[in-house]
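FYI, the numbering just counts along the sequence from 1. The figures here come from the full heavy-atom set of this structure, side chains too, leaving out hydrogens, waters and symmetry mates.
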Amino acid sequence: SPPQIRLQKQTFHTVKDLGVGRTIREGKITGNRISFMTRTLTMLGSDRYEDTHSYKGIVAGGAIRFTMVTDSRASEHTPVHFIATKVKDK
């Protein structure tokens with residue numbers, strides 16, 4: 001499932017990816033555009049790599065159309081496109 005993104009009063013905290021909260025870095029909202037990045041660790045054998053995930057999105061209506069690009073020395077990744085919608089409060 002796509003990451004869960006919570007935006008409150010243009011304050012960035014975390015993005016939930018595969019059930020794990022990740023710190024949002026360099027978060028920015030300019031007009032209807034949003035961008036931020038996260039980092040994860042990848043282990044291949046005894047080697048450890050830090051991957052950077054860059055998110056860019058456009059707000060349209062009640063949704064954000066995102067593209068996520070992963071920069072990794074461990075493996076190749078194709079860009080991921082997804083649409084984020086508001087999570088209903090419980």
Side-chain angles (χ1 to χ4, degrees):
S1 66
Q4 291 181 357
I5 298 165
R6 291 183 182 269
L7 301 177
Q8 297 177 349
K9 299 180 185 174
Q10 296 190 2
T11 300
F12 294 86
H13 297 285
T14 60
V15 60
K16 202 169 199 179
D17 187 8
L18 300 175
V20 178
R22 311 235 185 255
T23 301
I24 291 177
R25 302 171 188 280
E26 300 179 28
K28 185 177 3 174
I29 296 175
T30 306
N32 69 335
R33 298 186 180 272
I34 180 172
S35 62
F36 58 90
M37 57 186 265
T38 63
R39 293 192 177 117
T40 57
L41 291 177
T42 300
M43 297 292 294
L44 288 177
S46 62
D47 294 328
R48 185 169 136 171
Y49 301 95
E50 184 176 76
D51 297 342
T52 301
H53 312 279
S54 299
Y55 295 78
K56 291 186 180 182
I58 298 174
V59 179
I64 306 172
R65 293 182 171 275
F66 274 105
T67 298
M68 181 192 71
V69 175
T70 298
D71 181 20
S72 173
R73 292 185 337 183
S75 61
E76 284 191 39
H77 296 268
T78 58
V80 175
H81 305 281
F82 63 95
I83 298 172
T85 56
K86 184 177 181 178
V87 175
K88 293 183 181 182
D89 295 327
K90 295 180 181 180

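In this structure, NE2 in H53 is found 11.0 Å from CZ in F36, a value given to the nearest 0.5 Å. We find the OG1-CE distance between T70 and M37 to be 11.0 Å, quoted to the nearest 0.5 Å.
Within the structure, every pair that satisfies the salt bridge (Lys or Arg N to Asp or Glu O under 4.0 Å) test and touches residues 34-61, not counting sequence neighbours, is listed here: R39-E50. Counting only residues at least two apart or on different chains, no salt bridge (Lys or Arg N to Asp or Glu O under 4.0 Å) pair has a member in residues 60-69.
For S54, the side-chain hydrogen bond (donor to acceptor under 3.5 Å, both in side chains) criterion is met by no residue, not counting sequence neighbours.
Under a 4.5 Å side-chain heavy-atom cut-off, the cluster of Ile, Leu, Val, Met, Phe, Trp and Tyr residues that includes L44 is completed by Y49.
Taking the six-membered ring where the residue is Trp, Y55 and F82 present perpendicular rings, their angle passing 60° and hence far from 30°.
The hydrophobic clustering, which links ILVMFWY residues whose side-chain heavy atoms are closer than 4.5 Å, places I58 and I34 apart.
What you find for T67 and P79 is that their closest heavy atoms are CG2-CB, 4.1 Å.
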